[in-house]
Amino acid sequence: MTSARLEIHVINVGQGDSVLVVNRDLTKVAAEIKKVSGLAPPADLIDYLPYAVQKAVPLYGTVVEALLIDGGSSPYGDTVLTYLRRVGVIPATAAYVPNLSVMLSHHHDDHGDGLDTLLRRSYEVVVTGVHAKTGKPTSRKEKKEEERYRVGTIYRPQFAATKGKSNPVNKDLAANVGRARKATTAYPTVTRVVTIGPGGLEDTATAPTTFTLGKGEGGLDINVHVLAAAQGVWDEATTSIKKIKTKDVDQNDRSISVLVEYGSFRFYAAGDIAGNGAEAGGNTGANKAAVAHGATKMSSHGDVETVLGPAVKARFPRTLTATANAAKFPVAGQVTVMKASHHGSMSSNDVFMISALRPSIAVISSGVKRRFHAHPTQAVLNRLAKSQTPRWGVYLPPAPPAPPPPAPPLPPVDNTVQAIYVTEIASKAKMSGQKKVTAFNLDLRGAKIVGDIVVRPTDESVLAVQAASKFGTKLVVQVYGTGAQTALTTAKAALRPTETVGTTQYPIGPDLWEITH
């Protein structure tokens, strides 16, 4: 019997981000399945969730804790809402959901606008009256807004206005937060609002934010660690914040970066942070970013990854001695699953950053919107694909200010990526900076297009690694896709087809991957 309490859902919102992290009680899923006439739970616990979703079994009440990071752009707000209802995170009608937390990674529409659909409802009413002078009946349409779902906690990045530009999403978020902070007859309990500042710190805190999504199997905590935010990275070595220097405030650089940890399983997501893109980030040849699609320069973003990579390794050191009842990480900074930053942008996901994380599975949220940025880029797929980049370079140790001479470069490390999954990819679209619709000729390098991506470590393997008194135990991770593609918002664009859709409760997959710890 195999089970999987922790779920990572990369919801397909096209060119945007929406990641749902769920801690689920599978015994409650079994109970809900049994309530439906003629249905019986599958033989294996790990199959309960996809089976229940396939059979439209009501799942609200089966979730222990959940975290929604971003909600895509506004056209996909309903997509996210429907998905949350389908997997039982929220009920069918508006309600207070105390075990759901929401996090906005940064103030850009393709990450934040869809959250408005979850938090508020907009509608029109017809107001009738009598004209003061003519006495004739009058009517007019008036826009109304009200709170929809109230969540337990909202995590938001510290806001810094972009010079000379407005950012409407911030006004909407502020309005939603304002409603959630007021006790009402419908919602007497207010939402806890947490503002994440530079380095991932809250207000006067002296260490980065860490919170739990409850306990998984064996009493193991499912923790969420904030790594960076607001153009600042936490440096464990000096217990201080390293600031990212840029000429202007860049909302991408201010993204909240997190690491979800369950035993020896780790999931990394960093919004739209950038790296270097060129040689300084370890990118050479076909891995190197280039000016494209009418742009006059490669990137205006600050280089967060060059600071974040070493910081992650310092904060999460390798396990020196394998002991029972403890997590085991043979490599410092090691993660199981890496969500590619900025939808697979070539100025993000540097080779040095990837080598710092040593991911076994890469997931990419990409698609088409009004302006197509050619994500994911060929350079990033090249960096991730073992066939193209069998070895990654690593960050160089800093040179001392005086003799002895600088330490020699560290040797490259083997590429650890076993699989790449993408929500969706365009086959043709109007590139940003171009007038005509053209083919998007991207070599997938073995990546699978699967719609919504669901990642679940098996509880038994998580506990086996935890219990082992030596290295070498396998962590098993299941990945499957729904095959769901978004409705296009760009005229004349087209999407590549997903993988072949099956007939079982797993539309695409499942794939099982083993990682040695």
Side-chain angles (χ1 to χ4, degrees), residues 10 13 15-21 67-73 101-115 154-162 165 167 169-170 173 194-202 208-210 224-234 241-246 248-260 267-277 281 299-309 311-312 315 335 337-350 353-354 356-357 363-366 373 375-376 380:
V10 181
V13 289
Q15 176 63 42
D17 260 5
S18 187
V19 176
L20 174 66
V21 184
L67 170 67
L68 177 66
I69 305 174
D70 295 334
S73 56
S101 298
V102 168
M103 176 182 286
L104 174 65
S105 68
H106 65 291
H107 296 280
H108 273 165
D109 61 353
D110 59 333
H111 292 253
D113 279 8
L115 294 176
I154 295 176
Y155 296 93
R156 61 177 181 178
Q158 185 185 80
F159 177 65
T162 304
K165 297 180 180 178
N167 216 331
V169 69
N170 300 301
L173 179 68
V194 178
T195 300
I196 306 294
L201 276 64
E202 305 170 30
T209 301
T210 293
V224 181
H225 304 281
V226 179
L227 309 173
Q231 290 178 256
V233 175
W234 178 255
I241 301 166
K242 286 190 174 181
K243 294 184 179 180
I244 308 301
K245 296 179 180 180
T246 56
D248 299 312
V249 171
D250 188 299
Q251 300 299 346
N252 286 350
D253 297 343
R254 299 181 67 80
S255 295
I256 297 176
S257 305
V258 299
L259 188 147
V260 179
F267 170 74
Y268 165 87
D272 281 358
I273 67 164
N276 176 273
S299 173
S300 60
H301 305 305
D303 186 353
V304 181
E305 291 183 346
T306 294
V307 178
L308 180 59
V312 173
R315 185 170 170 187
V335 305
V337 183
M338 169 190 178
K339 186 186 75 66
S341 299
H342 202 180
H343 323 291
S345 168
M346 60 188 170
S347 59
S348 302
N349 313 290
D350 280 345
M353 185 71 217
I354 301 170
L357 299 174
V363 295
I364 305 175
S365 178
S366 62
H373 297 282
H375 293 155
V380 169

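All values reported here derive from a predicted model rather than from experimental measurement. When reading the values below, keep in mind they use all heavy atoms of this one structure, side chains included, and skip hydrogens, waters and symmetry mates.
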Nearest-0.5 Å distance, [atom1] of residue [X] to [atom2] of residue [Y]:
| X | Y | atom1 | atom2 | answer |
| --- | --- | --- | --- | --- |
| L173 | I154 | CG | CD1 | 6.5 Å |
| I69 | L20 | CD1 | CG | 9.0 Å |
| I196 | S105 | CD1 | OG | 12.0 Å |
| M353 | T306 | CE | OG1 | 9.5 Å |
| Q15 | D110 | CD | CG | 6.0 Å |
| R315 | L227 | CZ | CG | 5.5 Å |

Going by atom types only, do H106 and D272 share a side-chain donor-acceptor pair under 3.5 Å?
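Yes.
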
Donor-acceptor contact present, side-chain [X] to main-chain [Y], <3.5 Å:
| X | Y | value |
| --- | --- | --- |
| D70 | L104 | no |
| S365 | G16 | yes |
| T195 | R156 | no |
| N349 | A340 | no |

Minimum heavy-atom separation for [X] to [Y], with atom names?
| X | Y | value |
| --- | --- | --- |
| G302 | A274 | O-CB, 3.5 Å |
| W234 | G199 | CB-O, 3.5 Å |
| G197 | A229 | O-CB, 3.4 Å |
| A228 | V233 | CB-CG2, 3.8 Å |
| N276 | G281 | OD1-N, 3.6 Å |
| E305 | D350 | OE1-N, 2.9 Å |

Go through the steps to decide whether V19 and F267 satisfy the test side chain to side chain contact (heavy atoms under 4.5 Å, CB included), and finish with yes or no.
CA-CA 11 Å; V19 176; F267 170 74; 3.9 Å; yes

List the steps and the verdict of side chain to side chain contact (heavy atoms under 4.5 Å, CB included) for K339 and D17.
CA-CA 10 Å; K339 186 186 75 66; D17 260 5; 2.7 Å; yes

Who are the side chain to side chain donor-acceptor pair (under 3.5 Å) partners of S341, not counting sequence neighbours?
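Partners of S341 by the side chain to side chain donor-acceptor pair (under 3.5 Å) criterion come out as none, since no residue qualifies.
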
Test of understanding: with side chain to side chain donor-acceptor pair (under 3.5 Å), list the residues that count as partners of S345, not counting sequence neighbours.
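Side chain to side chain donor-acceptor pair (under 3.5 Å) list for S345, sorted by chain: S347.
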
When you look at L115 and L68, which way does the side chain to side chain contact (heavy atoms under 4.5 Å, CB included) test go after all the steps?
CA-CA 9 Å; L115 294 176; L68 177 66; 3.8 Å; yes

Let me see the working for H111 and H342 under ring pair (Phe, Tyr, Trp, His ring centres under 6.0 Å), right down to the final yes or no.
CA-CA 10 Å; H111 292 253; H342 202 180; 7.9 Å; no

Which residue, L308, V304, V307, forms the side-chain contact (heavy atoms from CB on, under 4.5 Å) with K242?
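Looking at L308, V304, V307, the match for K242 under the side-chain contact (heavy atoms from CB on, under 4.5 Å) is V307.
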
Quick one: are R254 and Q158 in side-chain contact, heavy atoms under 4.5 Å?
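Yes. Closest side-chain heavy atoms under 4.5 Å.
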
